[in-house]
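Position 1 is the first residue of the sequence; numbering continues from there.
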Amino acid sequence: TDDLVAFGRARFDLQAKKRLLREKYEASMLFAHQGGMWRAGPELINTLTACPDESAVIPDLYGVPVKISVPDMIMLAQQRWQEQMNGWLVEYQALSGQ
């Protein structure tokens, strides 16, 4: 039974560490740009990709409409997203290997 208890604790600790890791990287997806606060991710990137013009007005995280430069915002959002996902993957793989 001691082995089962140890296994249960290890599983619980692993799940808690995964949750904390996810929260850490989700918080790192936030960035301020052109007077608004944004969360890098597929939703923002897809919204920006659908904009046909060089500039657009879209709501930020707080629902405030902000006029943005679409190419600049796409570049920043994709860069932030990829950096954070790469970091998250490295830490997740290290955590899963323990």
Side-chain angles (χ1 to χ4, degrees):
T1 59
D2 289 339
D3 290 339
L4 289 175
V5 171
F7 177 76
R9 284 189 182 141
R11 269 314 266 174
F12 179 77
D13 287 345
L14 179 61
Q15 294 304 320
K17 288 177 183 178
K18 284 181 184 179
R19 187 176 55 253
L20 288 173
L21 189 60
R22 183 184 71 238
E23 291 171 1
K24 170 186 170 183
Y25 280 97
E26 284 178 350
S28 298
M29 300 286 183
L30 299 175
F31 66 100
H33 183 65
Q34 294 180 316
M37 189 61 125
W38 312 95
R39 180 183 311 277
E43 183 178 339
L44 177 61
I45 293 167
N46 288 335
T47 299
L48 294 169
T49 303
C51 294
D53 300 323
E54 292 289 311
S55 66
V57 176
I58 60 173
D60 72 354
L61 286 176
Y62 300 108
V64 177
V66 179
K67 186 172 184 174
I68 53 108
S69 166
V70 175
D72 292 344
M73 184 69 89
I74 286 177
M75 183 187 67
L76 285 172
Q78 288 175 333
Q79 180 182 15
R80 174 66 60 107
W81 172 255
Q82 200 57 57
E83 286 173 356
Q84 298 308 313
M85 293 306 294
N86 288 340
W88 189 354
L89 176 64
V90 168
E91 285 194 51
Y92 181 82
Q93 287 175 334
L95 183 65
S96 295
Q98 292 179 349

Handout entry: Non-hydrogen atoms of A77 and A40 that approach each other most closely
Key = O-CB, 3.5 Å
Exercise for the section: Over all heavy atoms of both residues, which pair between G36 and D60 is shortest? Give the atoms and the distance, please. Expected result: CA-OD2, 3.5 Å
Problem - F31 atom CZ, neighbour heavy-atom count above 12 within 6.0 Å - result: yes
In the single-linkage hydrophobic clustering (I, L, V, M, F, W, Y; side-chain heavy atoms under 4.5 Å), do [X] and [Y] co-cluster?
| X | Y | value |
| --- | --- | --- |
| M29 | I74 | no |
| W81 | M73 | no |
| Y25 | M85 | yes |

Report yes if some heavy atom in the side chain of [X] is under 4.5 Å from a heavy atom in the side chain of [Y]; otherwise report no.
| X | Y | answer |
| --- | --- | --- |
| R39 | L44 | no |
| I68 | W38 | yes |
| V70 | E54 | no |

Counting distance only, does the side-chain N/O of [X] pair as donor-acceptor with the main-chain N or O of [Y] below 3.5 Å?
| X | Y | answer |
| --- | --- | --- |
| R80 | S28 | yes |
| D53 | S55 | no |
| Q34 | S69 | yes |

Exercise for the section: Would you please name every residue forming a salt bridge (Lys or Arg N to Asp or Glu O under 4.0 Å) with K24, sequence neighbours left out? Expected result: E91
Handout entry: side chain to side chain contact (heavy atoms under 4.5 Å, CB included) involving P59 - partner list, sequence neighbours excluded
Key = none
Exercise for the section: For the pair W88 and R22, evaluate side chain to side chain contact (heavy atoms under 4.5 Å, CB included) and give the outcome as yes or no after the intermediate values. Expected result: CA-CA 8 Å; W88 189 354; R22 183 184 71 238; 3.4 Å; yes
Completion exercise
Checking E23, K17, K18 against L20 for side chain to side chain contact (heavy atoms under 4.5 Å, CB included), the one that qualifies is E23
Handout entry: Value rounded to 0.5 Å, distance of CZ in R19 from CG in L14
Key = 11.0 Å
Exercise for the section: Measure the CD-CG distance between Q84 and L89 for me, rounded to the nearest 0.5 Å. Expected result: 12.5 Å
